[in-house]
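Below, chain A is the first sequence line, B the second, and so on; all start at residue 1. Note that this is a predicted model, so its numbers are computed, not measured.
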Amino acid sequence: MPHQLTPEQEQHLVAQARSDPQCVPDLYQHYVSSVYGYIGARIHHPHDVEDLVSETFVKVFEHLDTFRWQGTQSFSAWLFRIAHNTVQDFQRRGARHPGAVPLDEVVLLHHPARCPDEIVMQDEEATRLHMLITTLSPRRQEIVRLKFFGNLRNHEIAMVLGLDERTVAAHLCRALSDLHQKYTNAMEDGYEHAQ
Amino acid sequence: MSMPNEQGNVDDFDQAVLDDIEQALATPRSDVRDADAFVDFCATLARSTPKPDPVFQQRLESQLVALREHHQGGPVMRTTPVKRKRLTWRGMHWASGSFAHSAWRALAVCSLALVCTPVLLAAAPAARAEVRQVLERFGLVLVDPTTAPAAVPAAELGGSATDAGATPRMTPQELVPQKLDRAAAQQQVPFPLRLPTWLPDGMQFDGVIVGTGGFGCSTGQNCATARPPVSARAQYRHTTNNDVYLSVEATEITATSGGGYEASAAAAQDATVHGLPAVYVQGDRSMLSWQEHKLTYVITVQGVPLSQEELVRIAESLR
């Protein structure tokens with residue numbers, strides 16, 4: 001996961017990408033993993049994820065000149081707002097892939113070069129975790145995904161979702177505590193079954 | 001355990017939870033295993049983030065550069081050499097330090113380049129040929145997990161993302177893939193579009209996406225002078241099970257063909273399609289690839305285990 005930029009670094013990258021297409025990769029590369037992580041945690045099929053990530057970035061870079069700063073880190077919030085809306089539109093259009101993540105295939109194997117044991121262990125754990133997220137309310141699911149997979153700060157999540165920052169913090173606390181409890185219970189159940 | 005309420009009141013306990021979350025996100029690695037169980041859980045959650053395929057990542061980058069150039073009326077003309085800078089803040093700090101402005105630095109770099117260049121030029125072709133021969137087969141890049149990071153550099157897989165000569169000019173509409181029916185797709189590709197006449201039960205046609213540069217394949221070789229390969233990917237989904245997905249992708253074999261879908265060399269098996277050599281990769285995402293009629297075909301199936309025989313049957317049913 002890339003480190004978070006300071007407002008100055010972010011503004012610098014955006015300004016460069018606006019004026020020189022050859023600087024686009026600098027801005028893009030900083031955010032592509034986070035946007036992919038966020039969309040990949042919501043959408044099932046990797047081709048759909050790639051299409052939506054492409055659609056998001058095309059919208060962002062098409063409208064980069066119209067973007068106006070509205071406070072610190074507002075580019076991240078703007079970018080993820082577009083990603084959020086793009087996914088929402090996709091789900092409304094098709095209604096084929098509801099927000100729920102399928103049991104057996106959450107973190108799709110985009111890296112088949114990993115050894116089979118590693119794949120099985122990591123993906124089983126990821127599957128379990130992503131399944132647990134779907135047990136939360138839609139708002140909390142979104143906050144958790146933006147926080148953990150989109151790598152956003154709480155005030156950026158608040159901007160994306162149109163909430164107060166303290167409300168985001170409160171939901172995040174509650175959601176993570178719930179998730180941890182369920183995860184612990186699931187692990188204990190699994191251990192007992194193994195006995 | 002006290003809990004924050006929905007109105008956003010965050011007490012000391014909640015603040016401690018938030019601090020734990022930030023700590024876990026700052027270090028989402030396995031070295032927090034001995035930390036507090038909650039921090040450990042948060043770090044585990046952060047590590048489960050889906051990761052993009054490097055080929056896709058490179059291809060999109062090229063398209064976005066092209067998009068911005070399109071917006072600005074074509075590739076940027078320069079009167080001075082481009083100072084290409086990657087996003088490494090450590091590098092930027094180094095470059096902005098006093099050493100960066102030193103004449104000694106320039107002298108040292110030039111001397112090093114003079115010494116190293118002949119050695120590298122002599123050694124590179126043989127090593128490169130050996131790696132490519134091992135790795136690339138019919139639109140797949142077969143990777144030995146122990147050598148994967150060094151053996152498959154991004155430029156090898158995706159070409160030079162910022163090379164203006166290698167970036168085809170595309171309109172914004174072209175950048176977002178559109179699903180076409182067979183007839184419309186056929187009008188956009190310079191080869192006969194062949195689709196399977198046999199598929200596992202329940203699979204139905206979902207559309208064809210046409211693109212250039214290959215979906216799994218893209219390249220930085222000779223792109224300035226040669227037309228990039230055209231690809232058509234036919235997609236199929238299961239009528240009742242959303243988890244099942246199948247695609248048949250055909251990509252032209254041209255002078256610029258190269259790279260492909262990354263797959264584990266250990267999971268690859270030899271196969272034949274119409275008597276032609278093919279590669280079958282078994283896994284959660286099974287693939288069959290071969291070359292026929294000057295096209296590289298890759299069939300991908302996920303969500304359902306298909307045997308080599310079933311994939312070959314699909315391949316041999318293309319009409």
Side-chain angles (χ1 to χ4, degrees), chain A residues 1 9 13 17 20-22 24-26 28-30 32-33 36-37 40-41 44-47 49-51 53-55 57-58 61-62 65 96-97 102 104-105 107-115 119 125-126 129-130 147-149 151 164 166-167 169-170 172-174 176-177 179-180 183, chain B residues 1 3-10 14 17-18 21 25 28 38 41-42 44-46 48-53 56-57 60-61 63-65 67-69 71-72 76 82 84-87 89 143 145 148 161-162 172 175-177 235 242-243 245 247 262-264 267 281 283-285 302-303:
Chain A
M1 191 62 72
Q9 288 172 333
L13 285 180
D20 183 355
Q22 296 306 311
V24 163
D26 293 345
Y28 160 78
Q29 283 176 12
H30 187 77
V32 63
S33 297
Y36 189 96
H44 176 204
H45 291 290
H47 289 307
V49 176
E50 291 184 355
D51 289 350
V53 171
S54 300
E55 196 175 332
F57 275 103
V58 166
F61 281 97
E62 261 194 308
D65 298 326
R96 191 174 53 211
H97 310 297
D104 57 344
E105 228 184 311
V107 178
L108 290 155
L109 306 178
H110 294 202
H111 297 283
R114 288 182 294 162
C115 72
I119 289 169
E125 187 164 55
L129 287 165
H130 289 237
K147 183 72 180 177
F148 280 82
F149 310 134
N151 199 30
D164 178 72
R166 289 175 308 164
T167 306
L172 193 60
C173 284
R174 181 62 180 263
L176 263 294
S177 298
L179 283 177
H180 183 221
Y183 181 75
Chain B
M1 180 182 284
M3 287 295 175
N5 63 31
E6 303 275 336
Q7 283 71 47
N9 295 329
V10 178
D14 305 327
V17 172
L18 291 171
I21 293 170
L25 286 171
F38 181 73
F41 167 74
C42 292
T44 304
L45 183 58
S48 73
T49 305
K51 308 284 190 306
D53 179 84
F56 159 75
Q57 205 170 320
L60 179 57
E61 181 181 301
Q63 292 171 345
L64 294 172
V65 171
L67 171 67
R68 289 301 299 174
E69 286 177 342
H71 264 252
Q72 299 192 356
V76 176
V82 180
R84 186 73 190 102
K85 170 185 66 59
R86 308 303 297 176
L87 182 59
W89 296 106
V143 180
T162 54
L175 291 170
V176 180
Q235 302 185 159
N242 282 338
D243 299 351
Y245 173 89
S247 69
E262 188 179 328
S264 167
V281 178
D284 294 82
R285 184 168 65 165
Q302 63 186 40

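A:D65 is listed as a side-chain neighbour of B:R68, based on a closest heavy-atom distance under 4.5 Å. Here the side chains of A:L176 and B:F41 are in contact, with some heavy-atom distance below 4.5 Å. Side chains of B:F56 and A:S54 form a contact here, defined as non-hydrogen atoms less than 4.5 Å apart. Looking at heavy atoms from C-beta onward, B:D53 lies in side-chain contact with A:E50 at the 4.5 angstrom threshold. A heavy-atom distance below 4.5 Å is not found between the side chains of A:F57 and B:L67.
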For this session: Kindly determine whether B:E69 and A:Q22 satisfy side-chain contact (heavy atoms from CB on, under 4.5 Å), including the steps that lead there.
Result: CA-CA 9 Å; B:E69 286 177 342; A:Q22 296 306 311; 2.9 Å; yes
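Here OH of A:Y183 is found 9.5 Å from CG of B:L45. Values are rounded to the nearest 0.5 Å. Between the CD atom in A:Q29 and the CG atom in B:L60 there is a gap of 11.0 Å [rounded to 0.5 Å].
In this structure, the portions of A:F61 lying under 4.5 Å from any heavy atom of chain B include both its backbone and its side chain.
Across all non-hydrogen atoms, the minimal contact from B:T49 to A:G37 is CG2-CA, 3.6 Å. Shown here for B:P50 and A:A41, the closest heavy-atom pair between the two residues is CG-N, 3.8 Å.
Using cut-offs of 30° and 60° for the angle between ring planes, the B:F38 and A:H180 rings count as perpendicular.
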